[in-house]
> 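Right, I'll just put the structure down here and ask away after.
Note that the structure is a prediction, hence the values are computed from the model and not measured. Hydrogens, waters and symmetry mates are skipped; everything else that's a heavy atom, side chains included, is used. Indexing begins at 1, ligand by ligand and atom by atom, following the structure's order.
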Amino acid sequence: MDREHAYVRIQELREIITEANRRYYVESAPTMSDYDFDMALKELEALEKEYPEFVTPDSPTHKVGSDLSASKSSGKEFEQFPHRYPMLSLGNTYDLGEVEAFAERAAKGIGNAFTYSCELKFDGTAICLTYRDGKLFRALTRGDGTVGDEVTRNVKNISNIPQQLSIPAGFVPTQDHRHPWPEEFEIRGEIYMPWAAFDRLNEERVKDEEQPFANPRNAASGSLKLTDSRMVAKRGLECTLYHMLGENLPFQTHDQALEAARSWGLPVSDKRRICRNTEEIEEFINYWDTERKTLPFATDGIVIKVNELPYQAELGYTAKFPRWAVAYKFKAEQALTRLISIDYQVGRTGAVTPVANLEPVQLSGTVVKRASLHNADQMQLLDIHVGDYVYVEKGGEIIPKITGVELSQRASDVILPLFPDVCPDCRTPLVKDEQEAKSFCPNQTGCPTQIKGRLVHFLSRKAMNVIAGDATVEQLFNKALVWNVADFYELTKDHLLTLEGWKNRLAERFLKSIEDSKKVTFDHVLYALGIRYVGEATARSVARHFGNVDAIAAATVEELLQVEDVGDVIAESIHDFFADEANLEVVRRLKEVGLQMEMTEGPQKVSDALAGKTVVISGNFSISREEMKAMIVAHGGKNSGSVSGKTAFLLAGEKAGPEKLKKAESLGIRVMTEDEFMEMVGDSHVNEGTLF
Ligand code: IVH
């Protein structure tokens, strides 16, 4: 490549890598496979080495990808704190030869006998925990390596991360060491989502017509950045810790540090081995390359670290990586098979998705027959033809995806597929949503597939929970007995008995189930309406925020944006839904037949008495601690676990913690009793029927 072409290619690679980094770290929705990403980065590194005059300080070869939540407009930022020690990434390779080269470099640098710690490379999102006096003090994401997002509250909802360290059996305190742990230390690791939790989450998302996560790693990083910590607790995240840092730590080896951490109750993997040479390292790699498929979580490689801490210090760091560690990455499993045909499916929201029918092929233990092609752009990008031999990859997704075409095996009779320009069901011309790169059938009120999809969704378990499935809806629709969801409430036994195979008992059961659905709470009703992008959790937040359907229907986009976890797209969608007269008519009819159109527990917000105030609670109260926390939030306040300069007051119940009381006293922070607190928030103003 000549100099000019090299320059153009360097620019191109930087753009590709920067965009891929953003999609991966910020949006938790990658567009590029890990392998392609690593290869692009390596190509850029090689070109920069050959043409050093083109190296710039902001090149992605010098920086770690950033996970900082950048979107100021969405208001979903986390507080950011600097890392005490930079949080770097690892040099990685897919090549055993490069692992050997790493070992040789390390041996040369050290000049003495040393060992390696070989470990699994956990495929999640990096976390840095600080423990002070044995208590979890702060959790930061990697961020850009220099500053991270503070996610302590969310991390406290991960079940295997202790908030308080435990003293190992047999520990005898001395004057100098009252506790087994250093006064302050950092321990870094990975937060990941085990396969079982990932499958469960994605199944739910698919049912809710939300975009499933591409892999457990994205699911983990997306979950860690949720603004509602209670949701985090439900996501089934786990943590494993693999790197301790601090001033004057009393350990000689990395292995000793991890074993100590384990003895204090911290989650440390036991799938580690101390190796003395490259043969042992390779044995470990080969063993886990096969065995990893039996693990309940995803691993994408092996990390090899110099075990002796003084030697680690001697080898030090480059701008981006430690010189004392390297990651060997496993290649994602792929299979090559023939593309037989492409189906175009219409969903409840009208989105048309291309799905590939494949010659069945074995891949990571299952037979794959169908694979996702995402959208027209992706098809074009792959230059896919029917009859082509294509690569399928599973990389953790529920639906395998096509990652490439084997052009060397392209026959002369392959056919270029044409993405339909009309709906495969109702023949209405499709419209393209440029932002989402998806095609939609706009005939929402007339396209049978969309109508039936909405009806099925309305009856589903998490919506109105009516005992009926696709087949019932199909029958009712075909007999023209239901057209929109309000029609379900006008069905009579006589109507039902006209359906093939329906007898008295079945009809009565169905009608009873329809009747019971009138008791379903408003948040589920709102979800049942099938507003685009409004999943179960969003419906709950919106319902609680506004309290009733009329308030939602009257809300402006700006007002909708005030709801936690509602961004521009969702706000617009809700607004559009209620701007449509036909939808309002359905809502009116549903209200008339007696569906719940308001939250019986009242709106979440009761008053602004505590607006802008951070409150710490300690001890027992006349109501449960959870209720007390909810009450603080309901009055506009924030609850925090530890007393600091930012604390407005300490709400102390019976048996309040002496440490908290002491801290509050030393900082001159007011200590309040439950009675004083109730008076302050004016509990007499709380309406009957509210949560409290
Ligand atoms: S050690 C100075 N050990 O992989 C770097 N990292 O691709 C110390 N990772 O940034 C990191 N498993 O987020 C280390 N056993 C392990 C790991 C591990 C997963 C992650 C970590 C790192 C990334 C590099």
Side-chain angles (χ1 to χ4, degrees), residues 17 20-21 24-25 28 30 34-35 37-38 41-42 60 63-67 83-94 98-99 102 106 116-129 139-146 148-149 151 186-193 215-218 220-221 224 237-246 253-255 257-259 261-262 266-275 281 284-285 288 292 295 297-307 309 311-313 315-330:
I17 291 165
N21 258 332
Y24 180 119
Y25 286 109
S28 294
D34 277 11
Y35 184 76
F37 178 86
D38 292 334
L41 198 61
K42 277 191 201 308
K63 293 190 295 185
V64 301
S66 169
D67 70 31
H83 284 295
R84 186 158 184 182
Y85 313 95
M87 206 161 164
L88 304 177
S89 176
L90 286 174
N92 68 54
T93 177
Y94 290 84
E98 285 188 29
V99 173
F102 157 79
Y116 303 95
S117 170
C118 291
E119 311 169 4
L120 297 182
K121 184 168 174 338
F122 292 83
D123 199 7
T125 180
I127 192 75
C128 175
L129 308 177
L140 297 180
T141 66
R142 175 157 62 185
D144 62 4
T146 311
D149 278 340
V151 289
E186 281 189 16
I187 188 152
R188 294 176 176 178
E190 205 82 356
I191 288 177
Y192 60 91
M193 189 176 282
N215 52 49
R217 173 183 60 216
N218 297 123
S221 59
L224 194 61
L237 295 174
E238 284 180 18
C239 178
T240 189
L241 299 167
Y242 47 62
H243 187 203
M244 197 193 291
L245 290 143
T253 65
H254 166 72
D255 185 55
L258 291 193
E259 283 310 316
R262 185 212 298 283
L266 289 164
V268 170
S269 169
D270 55 5
K271 297 179 176 45
R272 294 184 283 129
R273 178 175 168 190
I274 302 298
C275 295
I281 296 175
F284 188 83
I285 290 177
W288 282 111
R292 69 187 164 119
L295 292 171
F297 49 80
T299 51
D300 58 341
I302 296 295
V303 181
I304 303 123
K305 304 173 182 172
V306 168
N307 185 32
L309 298 176
Y311 294 151
Q312 285 191 0
L315 291 171
Y317 293 84
T318 70
K320 224 174 131 179
F321 307 129
R323 289 199 190 89
W324 47 263
V326 74
Y328 172 85
K329 286 176 84 171
F330 300 128

> Could you label the plane-to-plane angle of the Trp324 and Tyr317 rings as parallel, tilted or perpendicular, counting under 30° as parallel and over 60° as perpendicular?
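If you compare the ring of Trp324 with that of Tyr317, the planes turn out perpendicular.
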
> Is there a donor-acceptor contact under 3.5 Å linking the side chains of Asp38 and Tyr94?
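The answer is yes; a qualifying pair exists.
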
> Less than 3.5 Å apart, any donor N or O on the side chain of Glu259 or His254 sitting next to an acceptor on the other?
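On atom types as modelled, these side chains do not qualify, holding no pair under 3.5 Å.
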
> Pairs under 3.5 Å, N/O atoms on ligand 1 and on the protein: can you put them in a table with the distances?
from	atom 1	to	atom 2	distance (Å)
ligand 1	3 (N)	Lys305	NZ	3.0
ligand 1	4 (O)	Lys121	NZ	3.1
ligand 1	7 (O)	Lys121	NZ	3.0
ligand 1	9 (N)	Tyr242	OH	3.3
ligand 1	10 (O)	Arg142	NH1	3.0
ligand 1	12 (N)	Phe122	N	2.9
ligand 1	13 (O)	Glu190	OE1	2.8
ligand 1	13 (O)	Tyr242	OH	3.1
ligand 1	15 (N)	Glu119	OE1	3.0
ligand 1	15 (N)	Leu120	O	2.9

> Taking side chain as C-beta onward, heavy atoms only, is Asp149 less than 4.5 Å from Thr141?
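Yes. Closest side-chain heavy atoms under 4.5 Å.
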
> Is the closest side-chain donor-acceptor distance between Glu186 and Tyr85 under 3.5 Å?
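On atom types as modelled, these side chains do not qualify, holding no pair under 3.5 Å.
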
> Are Thr240 and Glu238 close enough that a side-chain donor and a side-chain acceptor fall under 3.5 Å?
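On atom types as modelled, these side chains do not qualify, holding no pair under 3.5 Å.
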
